[in-house]
Structure formats: C-alpha cells, structure tokens
Amino acid sequence: MASPRPRFEIGPFFHLQEGLLAGLKREYLRRELWLPLKREGDVLTVLIADPDNLPKRDTVAQILKGKEIRFVRAAPEEILQLIDRAFDGEEMGSAIRQEATRAEAEGDARLPTESDSVIVRLVNRIINDAYDRRASDIHIEPDVKDRDVKVRIRVDGECLPLDVLPFEYRSAVVSRIKIMSNLDITERRLPQDGKIAFRRPDGEEIELRVATIPTHGYVEDVVLRILTKGRIMTLEELAMEPETYEGFLNILKKPYGLILIVGPTGSGKTTTAHAALHILNRPNTKIWTAEDPVEIAQQGIRQVQVHHKIGYDFKQAMRAFLRADPDIIMVGEMRDYETAKMGIEASLTGHLVLSTLHTNNAPETIVRLLDMGIDPFAFADSLLCVLAQRLVRSLCVHCREEYHPSREEYDELARHYDEKYFAALNVAYDERLRLFRPRGCPECNHTGYRGRMGLFELLVVTDQIKHHIINKKSIPSLRRTALNEGMRTLLQDGIRKILQGRTDLMEVLSVCMR
C-alpha cells in the first residue's frame, strides 16, 4: 500500500464510480470515516480522515481484500457529506432498478408514470439538490443520441452537471413537473410555461418558474428558474462604485422623469429596479408595477402580473395605471413603441417612471428608442438617466491568489480602459501592484469563483446629452460626450473591480465589449 497522498477536497458536483459500495453499510462508514472513491486499473483510491492510523488502514485493507489501495486524506465533514450523497444516490438507483424488475416480472410493459413514488422523489431531489448548490436554473435535457437524461444547473452564471437519469424516465419526469406547475401533460408539441410553489424538507417555501420546450427526437426539455422569493437587495449591496451610487441615488430623488435600466436577459435588471423601488417605497407614495413575472414582492407596492395570452400586456397595464392615481410607475419592459410613448408621456405629466430595456449599453439605448419613432423633444425632456449593467463572477475570497502582474497584463488593462482615462486612476506599475486570480477550493466548487456582482454604466442626461437626443446624434457621439461628462463604461467599471481584487479580466471581457 502506498503512503497517504495530500488532502483531497470534495466539490458538490463530484460523483463516485458505480459499484464501490457493495457490501458496505452507511452507518459503518460514517462511524469509521472512510469511503472508497474510485478504481483506476488495479488501484482503488480510498478517502480516509486519519491516514496515519495504521490499524485502521489494515482494517480497510482486510475489508477490501485483494485490491491495491491508495489512501487519500480528506476532512471528516467532507467524507460524511460524500457518504450521504453516495448512499442517497444508490437508494434512488435501487428503487429505479426494483421498479424495472417488477414490471418485467409481471409482464408490465408500461413505462414509469408521473405518479410513481420513484419519479416524485426523483424530481423533489433534483430541486432540493439544485437549491442547496445555490443554482439559479435547472435544465433537464433528454438526449436521444446518448439515450439518457442530463440534468444541469446554472451556478453564478455557469452551467454545471448535476445528474444523469435513465432515458426511460424522460416522459415521467417532464409530466411530473407539468403536474406540479398546472400545465397540460397531453400537450407535447408546443412550449408551455408555469410556476411551482415548492416546500423544502425544512419547511422553507420556494417558487420556481417552469418552461417546457419540444426538442429534436420527440422529447421535451424543461428549464426551471429558482426565483429569489422575498429577497430584496439594497443599492448598497449591488457593488456600485461610490460615484455611480451617489449619482443614481440623486436621480431617484427627482419628483418625475424617466429612468431606464438596461442590459441583456439575466443581468440583474429586476434586482436593481426593486432595490430602487425599496428606496422610493414610502407610506405617502403610491407605486404601481407591471411585471412578467412578479419575482420579488414588496409590501406597500401594488404589483401586477401581465398576461400576454389574454391581451393584458405592458401597454394595457400602463393605461390602467394612469387612471389609478400613481406617484411612481415601474413597467417591466419598454419593448414596443406604444409602451415607450406612454412611459414618456407619464413621466412628463408628473410621474416618476422606471423601466427596463434589452440593450447593450447606455448610449445605444437612447438611439434604439429614437429609432422606434419616439418624439426626440419629449424624450429629451423626460429622460433622467440610463443605467446599463452586467453580472460577473466574483473571485472566491477563500482561495483567490494574490500575484504581481506582468507589464503586458498592466498594459492590456490600460488599453481596455483607454489610456487617456486610465492615467487618472493613478495606478502605477511597480512592485507594490497586486492583482488576484482564481485558484479553486470546496467553498467555490473548485471553480475559483463564488457569487456574482454588478458592473454599471450610468449615463446622466445633461443639457449637452439632451441636445444630442434632439439632434439624433450617433452612438459614438453620445458616448464621447458622456465620457467627457464623467460616465464610466461597463468595461471601465469592470477594470476598476479587477484592480480592487474582486474579479479578473477574463470574467470582465466575457460580458463586456469596448
């Protein structure tokens, strides 16, 4: 037997090889704190909490007789966690195999259904495991080529594997999710969407948004979005730079006007909008919101869910709000001319209006709305600011690695920032300059990143910007003027956070363009 190797760290997406638990009991392994991990040829790797304990190593060798063993140190809590995961998976797999054996013995050719206890437990386990791993989305993907069902989850914006299910369970799993979300289980040719109110074993209630999509091979994919029920982040928690925070806060103090929050899907626009509403939400203020869907509930705000199927869209909601004595209106998205026109008119008649838009940056947003046919004079009078944003992964504070960058790295940062403005940061290249890079540990699933933060670009509408709007100036012209008046681009905000040691250039460039 070889000597113990360095400590092994277990990530939550690690799975044991099949067949290693034969003849072993959960209670015994938990008590003795060891576990067979993997087999490579004739060598069996075993996790053990105290590899220096020779009597215990001999006992393990006797139990696993006839095998060459390599011992690897691991923390007791990590071994306990992996033992429970391994045996839970074995029990689920055993239940699936027993069901298949029973059906075969009884001549029952039917496939498992959504009401079978195995399917119910399987779907519940997937949701609970995803939630425990801080996932924002669950993707269930039947693969007709590999004949299996892949389950992936999105954590901090990255898709990671969670599980692989038998192909025979594809229809039953999808039907079970449809039943939970009150969808039509007989309709398999058209996309459907719904919601699930799910109670976890500890009694906590979570909400999931469900979308089913027919895919190649006469199967259906399912995507479940885990909603942040009841969680309202404050502006202070959004990682805005002090100048951006103060500028946006000053805009929110205005009695009327239009505030636009822009970015792609999944960039945190709804979170920022509700953080702003949290500041504006006062007993003497009436606030109406139209959202699709209502993801974050705030007491004191009247929130409306739009229903496109019955024709109740954002413009219909806006029309109703203007008859309902509002002080502040938040409309989920200005996706068409009519909604944008009504939002601008509402802001000109004494209301503060917040809305979102799917555009890449702040100057582009202005040109996009003008291209819709919006009156430039009314738009220039109503617009207060455009806040563009992105989300990037934060470096894990438990394992990030400090280093001195090369001159080439420093010059690359300056080039992306724009040398003219980079000089104003007073960041000299010398031996004291330190940046951070990802390394990986159990706290961050060995990715080097944990959690996400926002990058922000705040364009405040000044007299010069109003002049550009009225004259329908180009995007580059708007950007130059805004930069000269103090706007910081998304890329520049990201580089400032790199210099603060909060993320790295690869992450920033993955969501920003110069």
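Note that these values count all heavy atoms, side chains included, but never hydrogens, waters or copies made by symmetry. These figures come from a predicted structure and were not determined experimentally.
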**Item:** Main-chain N/O of D184 paired to E187 side chain as donor or acceptor, under 3.5 Å
**Value:** no
**Flag side-chain contact, heavy atom, 4.5 Å: L224 against I196** = yes
**Gap between atom OG of S136 and atom CZ of R225 - 0.5 Å precision** = 5.5 Å
**Message:** Main chain of I177, side chain of S181: is a donor-acceptor contact present, judged purely on distance under 3.5 Å?
**Reply:** yes
**Salt-bridge contact K497-E241 (side-chain N to carboxylate O under 4.0 Å)** = yes
**Message:** Is the shortest side-chain heavy-atom distance between H358 and K269 below 4.5 Å?
**Reply:** yes
**Minimum heavy-atom distance S355-G332, with the two atoms named** = OG-C, 4.5 Å
**Asked** So, E141 and R152, do they make that salt bridge, N to O below 4.0 Å?
**Response** yes
**Message:** Assess, by modelled atom type and distance only, whether the side chains of Y245 and E236 contain a donor and an acceptor separated by less than 3.5 Å.
**Reply:** yes
**Message:** As an exercise, state the distance from CG of L277 to CD1 of I296, rounded to the nearest 0.5 Å.
**Reply:** 9.5 Å
**Asked** Is a salt bridge present between D148 and K150, judged by a nitrogen-to-oxygen distance below 4.0 Å?
**Response** yes
**Prompt:** Quick one: does H416's side chain get under 4.5 Å of L505's, heavy atoms only?
**Reply:** yes
**Message:** Ignoring hydrogens, what is the shortest heavy-atom contact between I119 and A172? Give both atom names and the distance.
**Reply:** CG2-O, 3.6 Å
**Message:** If the condition is side chain to side chain contact (heavy atoms under 4.5 Å, CB included), which residues does R30 pass it with, not counting sequence neighbours?
**Reply:** R26, L80, I83, D84
**Prompt:** Under 3.5 Å, is there a donor-acceptor pair between the R70 and T45 side chains?
**Reply:** yes
**Worked verdict on E68 versus L44 for side-chain contact (heavy atoms from CB on, under 4.5 Å)** = CA-CA 6 Å; E68 183 182 348; L44 182 64; over 6 Å; no
**Prompt:** Nearest 0.5 Å, what's the CG-CZ distance between D50 and F71?
**Reply:** 10.0 Å
**Minimum-distance pair of heavy atoms, taken over all atoms of G266 and L391** = O-CD1, 3.5 Å
**Prompt:** Only one of I138, I226, I153 clears side chain to side chain contact (heavy atoms under 4.5 Å, CB included) with Y131; which?
**Reply:** I226
**Item:** E158 side chain to T447 side chain, donor-acceptor N/O pair below 3.5 angstrom
**Value:** no
**Message:** For C396 versus C441, what's the shortest heavy-atom pair and its separation?
**Reply:** SG-SG, 3.8 Å
**Row check, Y28 ring normal vs R31 NZ/CZ: under 6.0 Å, within 45°** = no
**Item:** V306 vs D313 side-chain heavy atoms within contact, under 4.5 Å
**Value:** no
**Item:** Test item: L490 and V511 side chains (from C-beta on) under 4.5 Å apart, heavy atoms
**Value:** no
**Request:** Looking only at non-hydrogen atoms, find the nearest pair between T271 and L238 and report the distance.
**Result:** CG2-CD2, 4.1 Å
**Prompt:** So does H278 have more than 12 non-hydrogen atoms from other groups sitting under 6.0 Å from NE2?
**Reply:** no
**Message:** Taking the basic N atoms (NZ, or NE/NH1/NH2) and the acidic carboxylate oxygens, is any pair closer than 4.0 Å for R393 and D156?
**Reply:** no
**Message:** Any salt bridge linking R437 with E401? Criterion: basic side-chain nitrogen under 4.0 Å from a carboxylate oxygen.
**Reply:** yes
**Item:** Short side-chain to backbone donor-acceptor contact, T285 and N281, under 3.5 Å
**Value:** no
**Request:** May I ask you to decide whether K195 forms a salt bridge with E207, counting only side-chain N to carboxylate O separations under 4.0 Å?
**Result:** yes
**Prompt:** Does a salt bridge link R335 with E333, judged by any charged N lying under 4.0 Å from a carboxylate O?
**Reply:** yes
**Message:** Rounded at 0.5 Å granularity, tell me how far CG in L280 sits from CD1 in I301.
**Reply:** 8.5 Å
**Fill in**
Those residues at least two apart in sequence (or on a different chain) that pass side chain to side chain contact (heavy atoms under 4.5 Å, CB included) with Q62 are none
**Prompt:** Quick one: does V149's side chain get under 4.5 Å of D143's, heavy atoms only?
**Reply:** no
**Asked** T212 side chain to Q192 main-chain N or O, any donor-acceptor pair under 3.5 Å?
**Response** yes
**Contact check, side chains of E205 and F198, non-hydrogen atoms, under 4.5 Å** = no
**Asked** Step by step, would you call I279 with L235 a side-chain contact (heavy atoms from CB on, under 4.5 Å)?
**Response** CA-CA 9 Å; I279 292 174; L235 278 182; 3.2 Å; yes
**Item:** Backbone N/O of Q492 and side chain of R488: donor-acceptor pair under 3.5 Å
**Value:** no
**Message:** If you compare all heavy atoms of I259 against all heavy atoms of L252, which two are closest, and at what distance to 0.1 Å?
**Reply:** CD1-CD2, 3.7 Å
**Prompt:** Does the distance from a Lys or Arg side-chain N to an Asp or Glu carboxylate O, for E243 and R496, drop under 4.0 Å?
**Reply:** yes
**Partners meeting side-chain hydrogen bond (donor to acceptor under 3.5 Å, both in side chains) with E291 (sequence neighbours left out)** = H274, T289, Q303
**Prompt:** Are Y403 and E409 close enough that a side-chain donor and a side-chain acceptor fall under 3.5 Å?
**Reply:** yes
**Prompt:** Can you check whether G501's main-chain N or O pairs, donor with acceptor, with R434's side chain at less than 3.5 Å?
**Reply:** no
**Asked** To the nearest 0.5 Å, what is the distance between CZ (F456) and OG1 (T489)?
**Response** 14.0 Å
**Prompt:** Is any side-chain heavy atom of R450 closer than 4.5 Å to a side-chain heavy atom of V397?
**Reply:** no
**Request:** Check the pair N124, M180 against side-chain contact (heavy atoms from CB on, under 4.5 Å), reporting the backbone distance first and the verdict last.
**Result:** CA-CA 11 Å; N124 290 349; M180 294 171 72; 4.2 Å; yes
**Complete:** So CG of L499 and OH of Y417: to nearest 0.5 Å the spacing works out to 8.5 Å
**Prompt:** Would Y449 and D504 count as a side-chain contact (heavy atoms from CB on, under 4.5 Å) if you check the C-alpha gap in whole Å, the side-chain angles of each, and the deciding distance to 0.1 Å?
**Reply:** CA-CA 10 Å; Y449 304 91; D504 62 1; 2.7 Å; yes
**Item:** Salt bridge R400-E402, side-chain N to carboxylate O under 4.0 Å
**Value:** no
**Request:** Let me see the working for D132 and R125 under salt bridge (charged side-chain N to carboxylate O under 4.0 Å, His left out), right down to the final yes or no.
**Result:** CA-CA 10 Å; D132 289 338; R125 191 197 73 181; over 6 Å; no
**Message:** Are more than 12 heavy atoms, taken from residues, nucleotides or ligands other than R439, located less than 6.0 Å from that residue's CZ atom?
**Reply:** yes
**Asked** Salt bridge check: are R170 and E220 linked by an N-O gap of less than 4.0 Å?
**Response** no
**Crowding at CZ, R302 (>12 non-hydrogen neighbours, <6.0 Å)** = no
